[in-house]
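See structure below.
Note that the coordinates shown come from a computational prediction; the quantities given were computed from them, not determined experimentally.
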Amino acid sequence: MSNTPIMAKATAVWLCDNTTMTFKQIADFCGFHELEVQGIADGDVATGVKGFDPIANNQLTQEEIDKAEANPLHKLKLKFNQSAQGEEKRRGPRYTPLSKRQDRPASILWLVKFHPELSDGQISKLVGTTKPTIQAIRERTHWNINNIDPIDPVALGMCKQGELDAAVQKANAKKAKEGGVMSDDERRKLVSTEQSLGMPAEPKMPSAIAGLETFSLSDPRDGDDADEEKEDTRDVSDADSFFNLPDDADTDDDKD
């Protein structure tokens, strides 16, 4: 369970307005700096924030507040709430700020390219994306794939280096357990953040001519026409050989 109350700023507002505790006591309980609590009391901080009663919301007892008011050195203790046990372990997708959401495809492409051992679930947790998006980038069917450059998610601030290292170690351990040891070529593909940022961009095919890689000026029907001409030539030669009898045959007819 967290050591700070819910709606900490509103709770600090209520304590400043309804108790005689010191700024230090309120700051320690709510997780703020003492000067910030002083700003709340002066009306410079949290303007317009309505106070949140910690007693009515089962976070503090009146006896605990009385002890703190009587002794400036007393530290408030958050009331134990069994229903809140394990709340900080709630699992869910990672929140990505709006300013960084446009960088997610670049991060996904970097992870797919330089850490192929990572699963879609691990990539989803690292950069806060969905599995269909990862699959589209893996298969290069993403609508903007030609304009995406791989960039290290750590450099973009999408995740921490420790989180990335832990995910890679977990993926490698799972692969080794299943009997699939990483080859030397795969190990050479793993690069650091500095190396990946210094690598030249991959050449991309202009979208205007995408899909014309197999274009050819030759007519595929030319081969069929040549075969037909060969067959016609063979038929004519057979006919000539049938009608052109040898000279000996004419001589025998004259004799008869």
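Judged by distance alone, the side chain of Asn71 and the main-chain N or O of Lys67 form no donor-acceptor pair under 3.5 Å. Panel note: side chain Glu163, backbone Lys160; a donor-acceptor pair is recorded below 3.5 Å. When atom types are taken as modelled, the side chain of Ser107 and the backbone of Asp103 share a donor-acceptor pair closer than 3.5 angstrom. Panel note: side chain Gln122, backbone Ser119; a donor-acceptor pair is recorded below 3.5 Å. No side-chain donor-acceptor contact under 3.5 Å links Asn57 to the backbone of Gln59.
Applying the side-chain hydrogen bond (donor to acceptor under 3.5 Å, both in side chains) definition to pairs two or more places apart or across chains, those involving residues 6-22 are Thr22-Gln25.
Summarising the geometry of Ile148 relative to Asn144, their closest heavy-atom pair is CG1-O, 3.0 Å, with the distance given to 0.1 Å.
No chain of hydrophobic side-chain contacts below 4.5 Å, direct or via other Ile, Leu, Val, Met, Phe, Trp or Tyr residues, connects Ile40 to Leu76.
Within the 4.5 Å cutoff, the side chain of Asp42 has heavy atoms near those of the Gln38 side chain. With a 4.5 Å cut-off on side-chain heavy atoms, Leu126 and Met158 do not count as touching.
When each of Arg138, Lys125, Lys131 is paired with Asp120, the salt bridge (Lys or Arg N to Asp or Glu O under 4.0 Å) condition holds for Arg138 and for no other.
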Please output the side-chain donor-acceptor pairs of residues 26-34 that fall under 3.5 Å, not counting sequence neighbours, one pair per line with the distance.
residue: His33; atom: ND1; partner: Leu35; partner atom: N; Å: 3.0

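Of the N and O atoms on the side chains of Asp165 and Gln169, not one donor lies less than 3.5 Å from an acceptor on the other residue.
In this structure, Met7 belongs to a hydrophobic cluster whose other members, linked by side-chain heavy atoms under 4.5 Å apart, are Ile6, Phe52.
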